[in-house]
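Here the structure comes first, spelled out in structure tokens, and everything after it is commentary.
Quick note: residue numbers are just sequence positions, from 1. Small disclaimer: the values here were computed from a predicted structure and weren't measured.
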Amino acid sequence: MKNNYYEVSISFSKDNYDVLYNFLYLQGITNFLEENGFVKMYFDISTFNNIETLRSSLISEKIIDEENFEVNEFENKNWNEEWERSIEPVYISDKIIIYPSWKKNSLNNTQDKIMIEIDPKMSFGTGHNETTQLVLELMCKYIVGNEIKLLDFGCGTGILTISGLKLGVSKATAIDIDDDSIENAEENFKINSVNERVKLFKCSISEINENSFDIICANIIRSVITDNIVHVRSKIKTGGKLFLSGILVSDDQEIIECFVQNDFKVIDISVRSEWIGIYAVKISE
């Protein structure tokens, strides 16, 4: 029996990007894809009323116009086949290869590479998104392998946690507020044989008691970072490394000023398309 689902596509611009993402985040919608100027989400066929509520709210809040919201119905079989046709391995800094399970036996030049198996599901972070790549490239560049503790803030698939551990970090804590992400991350930690070194929690950064992290990484929208910068600062030790993306180039000055005001020194900024990745270090208590 085929279970149909709805694909919701919302077009965005630089003017409404942050507001749209923040709205979705506050609604508990954290599993979506970004593709060619559209945010895409997938809903079970039984949740059409929820889609209509989302559409009405976005329009009434003047976040989007009616023509920016599109709904299409598909079969799950088509969704899976589409992923399997389109998803190819991702190569990061000549160090990491991220691949779906069905490509495992066809990979080449894997010697001395960190291999990470991630099957695309409904959680964010398969390595194909530009923001994920920016964070991973900075982690490859600046993690030296003697770091003890990593916090993955908004872990999604768990790809940043897995990468950090395979780059030499001793142990990690991964957090997310989304049920699907927690389930997906737990599965990926086991597949990639790091689960015994990870503590996984469904919670916000303000709710975890642990601190003195050597590394905090996050691929998340700018407003979530700025809204939680006090908690980020309190959880990371002096000299700790902060790796971030999900930030638009147009927001670079705002985020840099936020870091400076909270005792972080920005060391490196990478740019890809309209996105930036940032590596910063906490310089004082």
- Message: Please check: side-chain N/O of Lys149 versus main-chain N/O of Asn211, any donor-acceptor pairing under 3.5 Å?
- Response: yes

- Non-hydrogen side-chain atoms of Met139 and Leu167 separated by less than 4.5 Å: yes

- CA sep, side-chain torsions, deciding dist, call: Leu160, Phe243, side-chain contact (heavy atoms from CB on, under 4.5 Å): CA-CA 10 Å; Leu160 300 184; Phe243 298 99; over 6 Å; no

- Query: Do the side chain of Asp119 and the main chain of Pro100 share a donor and acceptor less than 3.5 angstrom apart?
  - Reply: no

- Message: Applying the side chain to side chain contact (heavy atoms under 4.5 Å, CB included) criterion to Ile118, which one of Val90, Ile191, Asn188 satisfies it?
- Response: Asn188

- Message: Quick one, Val8 and Tyr42 - any side-chain contact, counting heavy atoms below 4.5 Å?
- Response: no

- Where the side chain of Asn228 meets the backbone of His231, is there a donor-acceptor pair that is under 3.5 Å apart? no

- Check: Asp152 main-chain N/O paired with Thr161 side-chain donor or acceptor under 3.5 Å: no

- Output for pair (Asp252 CG, Trp275 CH2), nearest 0.5 Å, gives 13.5 Å

- Check the surroundings of atom NZ in Lys166: do more than 12 heavy atoms from other residues, nucleotides or ligands lie under 6.0 Å from it? yes

- Would one find more than 12 heavy atoms of other residues, nucleotides or ligands at under 6.0 Å from atom CG of Asn109? no

- Quickly, which of Ile283, Val232, Val281 forms a side chain to side chain contact (heavy atoms under 4.5 Å, CB included) with Phe264? Name it, please. Val232

- Please determine if Lys241 and Asp214 form a salt bridge, counting it only when a charged side-chain N lies under 4.0 Å from a carboxylate O. no

- Message: Looking at Thr131, is its backbone amide N or carbonyl O close enough to the side chain of Asn129 to form a donor-acceptor pair, meaning the two atoms are under 3.5 Å apart?
- Response: yes

- Query: Mind checking whether Phe153 and Asn219 have side chains closer than 4.5 Å, heavy atoms only?
  - Reply: no

- Item | Rounded distance (nearest 0.5 Å) linking atom CD of Glu186 with atom SG of Cys155 | 10.5 Å

- Task: Consider only side-chain N and O atoms of Asn184 and Thr157, and report whether a donor and an acceptor are under 3.5 Å apart.
- Result: no

- Task: Can you establish whether the number of heavy atoms outside Glu66 located under 6.0 Å from its atom CD is more than 12?
- Result: no

- Task: Taking Glu52 for its side chain and Asn50 for its backbone only, find out whether a donor-acceptor pair lies under 3.5 Å.
- Result: no

- Query: Do Met41 and Leu24 come within less than 4.5 Å of each other through their side chains, counting heavy atoms only?
  - Reply: yes

- For the residue pair Ile114 and Ile97, establish whether any side-chain heavy-atom pair is separated by less than 4.5 Å. no

- More than 12 foreign heavy atoms under 6.0 Å from CD of Glu73: is that the case here? yes

- Minimum-distance pair of heavy atoms, taken over all atoms of Leu20 and Ile10: CD2-CG2, 4.0 Å

- Gap between atom NZ of Lys104 and atom OG of Ser101 - 0.5 Å precision: 8.5 Å

- When you check the side-chain N and O atoms of Ser9 and Glu70, is any donor under 3.5 Å from an acceptor? no

- For Lys113, does the NZ atom have more than 12 heavy-atom neighbours from other residues, nucleotides or ligands under 6.0 Å away? yes

- Query: Between the side chain of Asn16 and the main-chain N/O of Ile63, is any donor-acceptor distance below 3.5 Å?
  - Reply: yes

- Task: Run the numbers on Phe48 and Tyr6 for side-chain contact (heavy atoms from CB on, under 4.5 Å), then give the verdict.
- Result: CA-CA 8 Å; Phe48 186 75; Tyr6 290 115; 3.7 Å; yes

- Query: Are there more than 12 heavy atoms of other residues, nucleotides or ligands under 6.0 Å from atom CD of Glu183?
  - Reply: no

- Query: Looking at CZ of Phe23 and OG of Ser57, how far apart are the two atoms once the value is rounded to the nearest 0.5 Å?
  - Reply: 4.5 Å

- What are the two closest heavy atoms between Ile143 and Gly164, and how far apart are they? CD1-CA, 4.3 Å

- Distance-minimising heavy-atom pair for Ile205 and Ile208: O-CG1, 3.4 Å

- Does a side-chain heavy-atom distance below 4.5 Å link Ser245 with Ile278? no

- Task: For residues Val71 and Glu7, determine if any side-chain heavy atom of one lies less than 4.5 Å from a side-chain heavy atom of the other.
- Result: no

- Does the side chain of Thr53 reach to within under 4.5 Å of the side chain of Ile51, using non-hydrogen atoms? no

- Return yes if some donor-acceptor pair links the side-chain N/O of Arg197 with the main-chain N/O of Val169 below 3.5 Å, else return no. yes

- Does Asn72 CG have over 12 foreign heavy atoms under 6.0 Å away? yes

- Is the ring centre of Phe38 less than 6.0 Å from the ring centre of Phe12? no

- Expected output: side-chain Asp176 to main-chain Gly156 donor-acceptor under 3.5 Å: yes

- Note on the structure: Test side-chain hydrogen bond (donor to acceptor under 3.5 Å, both in side chains), reference Thr173, set Lys235, Lys199, Glu210, output is Glu210

- Where is the tightest heavy-atom contact between Ile177 and Cys203, given as atom of each residue plus distance? CG2-O, 3.7 Å

- Task: Nearest 0.5 Å please: distance from the OG1 atom of Thr132 over to the CD1 atom of Ile92.
- Result: 8.5 Å

- Note on the structure: Interatomic distance, CD1@Ile216 vs CD1@Ile225, rounded to 0.5 Å, equals 9.0 Å

- Task: Would you check if the distance from the ring center of Tyr142 to the ring center of Tyr279 is below 6.0 Å?
- Result: yes

- Message: Please check: side-chain N/O of Asp251 versus main-chain N/O of Ile247, any donor-acceptor pairing under 3.5 Å?
- Response: no

- Message: So which atom in Lys282 and which in Arg233 form the shortest heavy-atom distance, rounded to 0.1 Å?
- Response: NZ-O, 2.9 Å

- Message: For a quick test of reading the model, state the closest non-hydrogen atom pair linking Leu200 to Phe189 and the distance between them.
- Response: CD1-CE1, 4.1 Å

- Query: Yes or no on side chain to side chain donor-acceptor pair (under 3.5 Å) for Ser93 and Glu137, after CA distance, side-chain angles and deciding distance?
  - Reply: CA-CA 6 Å; Ser93 300; Glu137 287 167 2; 5.1 Å; no

